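Let me begin by presenting the structure, written as C-alpha cells, before commenting on it.
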Amino acid sequence: MIDDLNTFSKNRKLIHDIEENLSDLITEFQNIKNLRDLSVNDERFNVAIKSFYNLFSFVPILMTYLNPSDKYIFRARSNDEKNILYTRKDEISYNQNFDKIKAGRFNQPKQSVFYGTLPTEDSSITPYAAACFETCKGLIDYENPVNLKDFTIGRWIIKQPMYVANFCFDSVHLKGNKSMKEATEKFIAEIVNSLNKESSDFIIDFYTYLSEMSGKACLNKKEKNEYYILTALFYSVQYYYKNNMQKMVYGLVYPGAGTEAKGLNIVLTSDAIDDFLELDLVVMYRFIRSGDTFSVYPCSKVGKYKEGKYLLSNFIRIPENKYYTVECESEDCNPLKEIR
C-alpha cells in the first residue's frame, strides 16, 4: 500500500485555507456530531453528506492503493440453514437480494456493499475467524448469544490496484498491519509538521472520532444514527474524489469491532468486487459456545474456486438434535432465532 499525501506539505494555499477556515470546519464537524443524537431521516442524511463534502474540500484524506501484492481480502457469510452448504460464488459475495438489505454500517437500505476483513500480522486470530466475528455480532453478544453457527468464508485475490480511503486511526488495530500503520503514521506526521497546532489537532480529532465510531457501530444503542453518518461519510468520499480528483474510490478501511482490536475491516462497492477481486479459496468454520467461552474450528476442507464453481468436501454435519442459530448478519444486526 502507498499513501497519496506526498504533495500536501508543498501545497501552501491549501494549508493556508485550512488554517483560515478552521472555525467553519469545526462547525461542520459539530453538525455531524449533533446528528448522532437525532433520529434518522432523509433531510439529516443529506446534511451529513453536505457537511462531509465541505470538510473534504479542505481536510486531506489518507488514500491508499490496494495492490495484488497486498495478498487477500476475506469475507464470511453465515450459513442460515443447518447442514445446508453454499455452492455458488454469488451466495458468498455481496448481497444481491436488494429488497432484503437493511441499513448497515456503510450502506443504505437496498444498497449492496461488500464487507470484508484484511489480513494482519497478529497470529492470535486467523483472518478466517476475524471475518466471522465481523459478520455475526451474536458471537460477542451475551444478551442474544450465538451458541452454534457455521460460516462459509471466501478468500478473494486482489487482481488489479484499486483506490481506497483509510479511516482506521486506532493504533491497536493497526499494529497488526505494518504497511497500513506506516502509512497512517506518515499521514499524521505530515499533518502535524505542515499545519499549526490548532489545525492539526482538529484533523487528528476528526479522524480519530470517525475511526472510533466505525469500530463500534452496531455495538451500542445509537447504531442507526451512526449507520447513516458513516454511510454519508463513505458516499461523500466517493463523490468528492470523483468530482474533483477524477478518481474512483472503491472502498474504505476501518477498525474491526468484534475481535478485541485484532481485526482490520474494509467495505467495498459492488463494482469493485466485479472489477478488481477474484474468489480464490472457500472453507467453512464452526463456532460452538459453552457458557462464556467458545471453540472455533474448520468444519470442511478448503475448496478451490475454479471455472465458476467450488466444491467443499469432508463437511462435518451437525447432529439433528443440536440447536442452531440462524439470521446472523452484521449489516442489519437481526434478532437471532434458534432451530433444532
Side-chain angles (χ1 to χ4, degrees), residues 73-102 104-105 107 112-117 125-156 218-219 256-259 263 265 279-306 308-340:
I73 295 174
F74 299 86
R75 173 175 168 84
R77 166 78 193 276
S78 64
N79 288 66
D80 289 335
E81 294 186 63
K82 182 167 67 175
N83 294 328
I84 302 298
L85 277 60
Y86 299 127
T87 59
R88 304 192 315 270
K89 174 183 174 180
D90 62 283
E91 291 178 304
I92 62 172
S93 182
Y94 60 87
N95 192 345
Q96 298 181 37
N97 192 351
F98 304 110
D99 288 338
K100 291 190 176 182
I101 298 175
K102 298 182 181 181
R105 197 177 318 209
N107 69 277
S112 187
V113 296
F114 182 100
Y115 290 99
T117 299
I125 184 168
T126 69
Y128 296 98
C132 296
F133 277 108
E134 296 304 330
T135 298
C136 182
K137 302 308 176 190
L139 295 176
I140 57 173
D141 185 349
Y142 291 99
E143 293 183 5
N144 297 289
V146 167
N147 294 312
L148 176 60
K149 190 70 177 173
D150 285 349
F151 296 84
T152 303
I153 303 107
R155 189 179 81 173
W156 300 74
C218 195
L219 297 180
T259 55
N265 291 348
L279 182 60
D280 177 30
L281 300 177
V282 182
V283 70
M284 289 185 66
Y285 266 54
R286 178 166 297 158
F287 284 72
I288 300 177
R289 181 187 294 275
S290 177
D292 293 338
T293 63
F294 59 85
S295 59
V296 53
Y297 57 88
C299 56
S300 80
K301 284 191 173 181
V302 175
K304 178 73 175 178
Y305 179 76
K306 188 176 182 181
K309 59 184 178 181
Y310 63 87
L311 178 64
L312 294 174
S313 60
N314 290 53
F315 172 68
I316 303 171
R317 291 182 61 83
I318 299 171
E320 294 304 317
N321 64 341
K322 293 289 186 181
Y323 283 94
Y324 185 76
T325 309
V326 300
E327 294 190 13
C328 183
E329 294 291 337
S330 65
E331 285 90 333
D332 56 18
C333 294
N334 281 333
L336 302 175
K337 301 177 182 178
E338 290 192 346
I339 58 174
R340 283 192 182 273

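Bear in mind the structure is a predicted one, so any value in this text is a computation, not a measurement. Residue numbers start at 1 and run along the sequence shown.
Taking both residues in full, the closest heavy atoms of A76 and I153 are given as CB-CG1, 3.9 Å, listed atom of the first, atom of the second, then distance. The two atoms that bring L279 and W156 nearest to each other are N-CE3, 3.5 Å, heavy atoms only. Residues V146 and C136 approach most closely at CG2-SG, 3.6 Å, considering heavy atoms. Nearest heavy atom pair, residue S300 against residue V283, reads O-CG2, 3.7 Å. When all heavy atoms of Y285 and C132 are compared, the closest pair comes out as CB-SG, 4.4 Å.
Residues forming a side-chain contact (heavy atoms from CB on, under 4.5 Å) with S112 (at least two apart in sequence, or on another chain): Y94, N95, F98, I101. In this structure L281 satisfies the side-chain contact (heavy atoms from CB on, under 4.5 Å) test together with R155, V302, K304, sequence neighbours excluded. By the side-chain contact (heavy atoms from CB on, under 4.5 Å) test, F294 pairs with F133, F287, R289, sequence neighbours left out. For N314, the side-chain contact (heavy atoms from CB on, under 4.5 Å) test picks out K301, with sequence neighbours left out. Legend: residues meeting salt bridge (charged side-chain N to carboxylate O under 4.0 Å, His left out) with R88, ordered by chain and number and at least two apart, are D90, E91. Taking Y310 as the reference, nothing meets the ring-ring contact (aromatic ring centres under 6.0 Å, His included) condition, with sequence neighbours excluded.
Of the possible donor and acceptor atoms, one in the side chain of N107 sits under 3.5 Å from a partner among the backbone N and O of K102. With S93 contributing its side chain and K89 its backbone, the two residues share no donor-acceptor pair below 3.5 Å.
Residue D80 holds its CG atom at 6.5 Å from OH of Y324, rounded to the nearest 0.5 Å. Atom-to-atom distance recorded for I288:CD1 and K322:NZ is 7.5 Å, nearest 0.5 angstrom. Going from atom OH of Y115 over to atom CZ of R75 covers 9.5 Å, rounded to the nearest 0.5 Å. Once rounded to the nearest 0.5 Å, the distance linking CD1 of I84 with CG of D150 reads 11.0 Å. For the atom pair I92 CD1 and S78 OG, the distance stands at 12.5 Å (nearest 0.5 Å).
With a 4.5 Å cut-off on side-chain heavy atoms, K82 and L148 do not count as touching. A 4.5 Å side-chain heavy-atom check between Y86 and L312 finds every atom pair outside the cut-off. The shortest distance between side-chain heavy atoms of T152 and V282 falls below 4.5 Å.
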